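Please read the structure below before turning to the comments.
Each chain gets a letter, A, B and so on, in the order its sequence line appears, and its residues count up from 1. Just the heavy atoms: all of them, side chains too, but no hydrogens, waters or symmetry mates, feed the values below. Worth saying up front: this structure is predicted, and the values here are computed from it rather than measured.
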Protein chains: 2
Amino acid sequence: MLTNSRLVHQAHDHGRCINAALSRAEALCTENQARLTPTRESVLRLLWQSHQPLGAYQLQDQLSKQSGKNIAPPTIYRAIEFLLQLGLIHRIASLNAYIGCPFPGSDHSNLFMICSDCGSAAEVSHNSINDLLQSASDKANFTLQGQSLELFGLCPNCAGPKIQLDSQQSQDPSHE
Amino acid sequence: MLTNSRLVHQAHDHGRCINAALSRAEALCTENQARLTPTRESVLRLLWQSHQPLGAYQLQDQLSKQSGKNIAPPTIYRAIEFLLQLGLIHRIASLNAYIGCPFPGSDHSNLFMICSDCGSAAEVSHNSINDLLQSASDKANFTLQGQSLELFGLCPNCAGPKIQLDSQQSQDPSHE
DNA sequence: TCGCGAATTGTTATATTATAACGTAACATG
DNA sequence: CATGTTACGTTATAATATAACAATTCGCGA
Ligand SMILES: [Zn+2]
Ligand SMILES: [Zn+2]
Ligand SMILES: [Zn+2]
Ligand SMILES: [Zn+2]
């Protein structure tokens with residue numbers, strides 16, 4: 001079972017998340033003879049600035065600010081497309097948003113636990129879930145090729161121990 | 001385990017699907033003191049015309065043609081919203097499309113098997129999957145509130161005994 | 001180092017999906 | 001009726017995503 005759910009919801013040295021992601025990205029690019037150009041790297045960095053998925057136009061804003069010049073949507077979408085192809089990021093369909101993948105390259109289930117309160121999204125890969133989905137597909141004679149699994153609810157920080165004061169942000173704003 | 005996957009991929013009397021859906025809808029509306037107005041019923045009918053999800057603007061086109069007058073997007077989205085609330089239809093996030101729910105009212109898992117070739121979507125509710133997702137959530141201290149589970153691949157018709165001639169449409173166009 | 005083809009990015013316009021805001025009509029109830 | 005509520009009509013616009021084509025940069029062999 002692979003997951004980054006602990007990490008996502010605890011205070012941690014997030015710089016390490018970013019660095020690790022970039023190392024993996026460089027390795028994967030080399031392996032695939034693809035180029036991690038400045039735009040692509042910037043987008044990947046932005047997606048790793050927090051553990052919350054970002055929309056394409058949020059990326060556009062931030063990248064435009066960073067670079068001083070106005071970046072148009074196609075530039076963003078091209079970078080997104082590239083990163084998706086390599087498996088470095090995922091698209092979260094229900095949010096029209098994108099997030100870095102903590103374990104690119106390895107087979108995994110593309111399952112997210114998305115907090116309705118703080119917006120964080122932790123990725124989980126559970127062999128037993130994959131197996132079960134595969135066997136359900138088999139039973140239905142369905143040739144499984146891909147999947148998008150999104151769970152909605154409250155992350156440990158937002159569920160409390162404080163048992164939801166209101167719907168105030170009670171979570172630890174450790175690294176944003 | 002609830003599923004309509006057999007039905008979806010076999011020739012069948014689809015009129016029964018539609019009638020059953022409308023009966024359930026009327027019952028649910030009565031139960032909830034809600035009104036199944038002509039617009040809402042038309043949208044529900046359209047969503048049950050096939051086992052393929054339809055987008056809001058496809059619904060708009062078809063409803064406009066049916067009624068002779070031009071129906072604006074808000075009308076469609078209001079009907080969709082209403083039907084979603086009652087659980088009579090589901091939104092398929094990865095397709096920005098909507099489909100009738102074969103078992104509204106009963107608790108189920110909101111899991112779809114979507115054919116990349118013919119576009120059909122069968123709904124499956126598997127207790128063991130639900131249990132597993134619940135226990136995975138528990139382990140991660142995640143308070144599960146909702147889910148969107150979408151599997152992509154080939155339905156029995158499109159995977160064929162014909163073993164994919166090309167990517168021609170080889171499926172039986174039983175009822176569209 | 002030059003030049004060429006391929007890959008990447010810039011730019012403009014537009015498609016697609018969804019909602020805001022506000023007015024009007026239909027409905028249910030006493 | 002009179003009234004409050006619910007649903008619908010209409011116009012405009014927001015938010016997300018892509019098409020099409022021009023300009024640039026990059027890798028690499030001549
Ligand atoms: Zn982190
Ligand atoms: Zn949270
Ligand atoms: Zn049917
Ligand atoms: Zn199919």
Validation row: A:I89, A:I99 side chains within 4.5 angstrom (heavy atoms): no
Is the closest side-chain heavy-atom distance between B:L149 and B:L133 below 4.5 Å? yes
Can you tell me which stems involve DNA chain D, if a stem is defined as three or more consecutive Watson-Crick or G-U wobble pairs, both distances under 3.5 Å? C:1-30 with D:1-30
Might you list the N or O atoms of the protein lying below 3.5 Å from N or O atoms in nucleotides 25-28 of chain D, with each pair's distance?
none

CD of A:Q60 versus P of C:dT11: gap in Å, rounded? 13 Å
So how far is it from B:C29 SG to B:E41 CD, rounded to the nearest 0.5 Å? 9.5 Å
How many angstroms lie between CD1 in B:I80 and CG in B:L83, if you round to the nearest 0.5 Å? 8.0 Å
How about A:L36 and A:T30: do any of their side-chain heavy atoms sit closer than 4.5 Å? no
The reported gap from CG in A:L54 to CG in A:D61 (rounded to nearest 0.5 angstrom) is 10.5 Å
Please report the distance, rounded to the nearest Å, between NZ in B:K69 and P in D:dC8. 11 Å
Check each residue of residues 36-47 of chain B for a non-hydrogen atom within less than 4.0 Å of any atom in DNA chain C, then write out the ones that pass by number, or none. none
Whole-Å distance between D:dT10 P and B:I71 CD1? 9 Å
In residues 22-34 of chain A, which ones come under 4.0 Å of DNA chain C, going by heavy atoms? none
Would you give a per-nucleotide map of nucleotides 13-20 of chain D, 5' to 3', where B means the base has a protein non-hydrogen atom under 4.0 Å away, S means only the sugar-phosphate does, and - means neither? ---BBBBB
What's the CD-P distance between B:E81 and D:dA7, to the nearest Å? 12 Å
I need the CG-P distance between B:D61 and C:dT17, as an integer number of Å. 10 Å
Does A:T75 have a side-chain nitrogen or oxygen under 4.0 Å from the phosphate oxygens OP1 or OP2 of C:dG10? yes
Can you pull out every ring-ring contact (aromatic ring centres under 6.0 Å, His included) where at least one residue sits in residues 112-137 of chain B? Sequence neighbours excluded, please. B:H90-B:F112
Criterion side-chain hydrogen bond (donor to acceptor under 3.5 Å, both in side chains) against B:Q134, the qualifying member of B:N130, B:D138, B:D131: B:D138
Can you tell me how far CG of A:D117 sits from CG of A:N157, rounded to the nearest 0.5 angstrom? 10.0 Å
Output the rounded distance in Å from CG (B:L54) to P (C:dA18). 13 Å
Could you tell me whether the side chain of B:C101 reaches within less than 4.5 Å of the side chain of B:L88, counting heavy atoms only? no
Could you state the interatomic distance from CD1 (B:I71) to NZ (B:K65), rounded to the nearest 0.5 Å? 13.0 Å
Hey, what's the ring geometry for A:H51 with A:H12, parallel, tilted or perpendicular (30° and 60° as the breaks)? tilted
Residue pair A:C17 / A:L7, side-chain heavy-atom distance below 4.5 Å: yes
Could you measure the distance from the CG atom of B:L151 to the OG1 atom of A:T143? Nearest 0.5 Å is fine. 12.0 Å
Just so I know, are the side chains of A:I114 and A:E150 near enough to count as touching, which here means a heavy-atom distance under 4.5 Å? yes
Taking the side chain as every heavy atom from C-beta outward, state whether B:E123 and B:F103 have any atom pair closer than 4.5 Å. yes
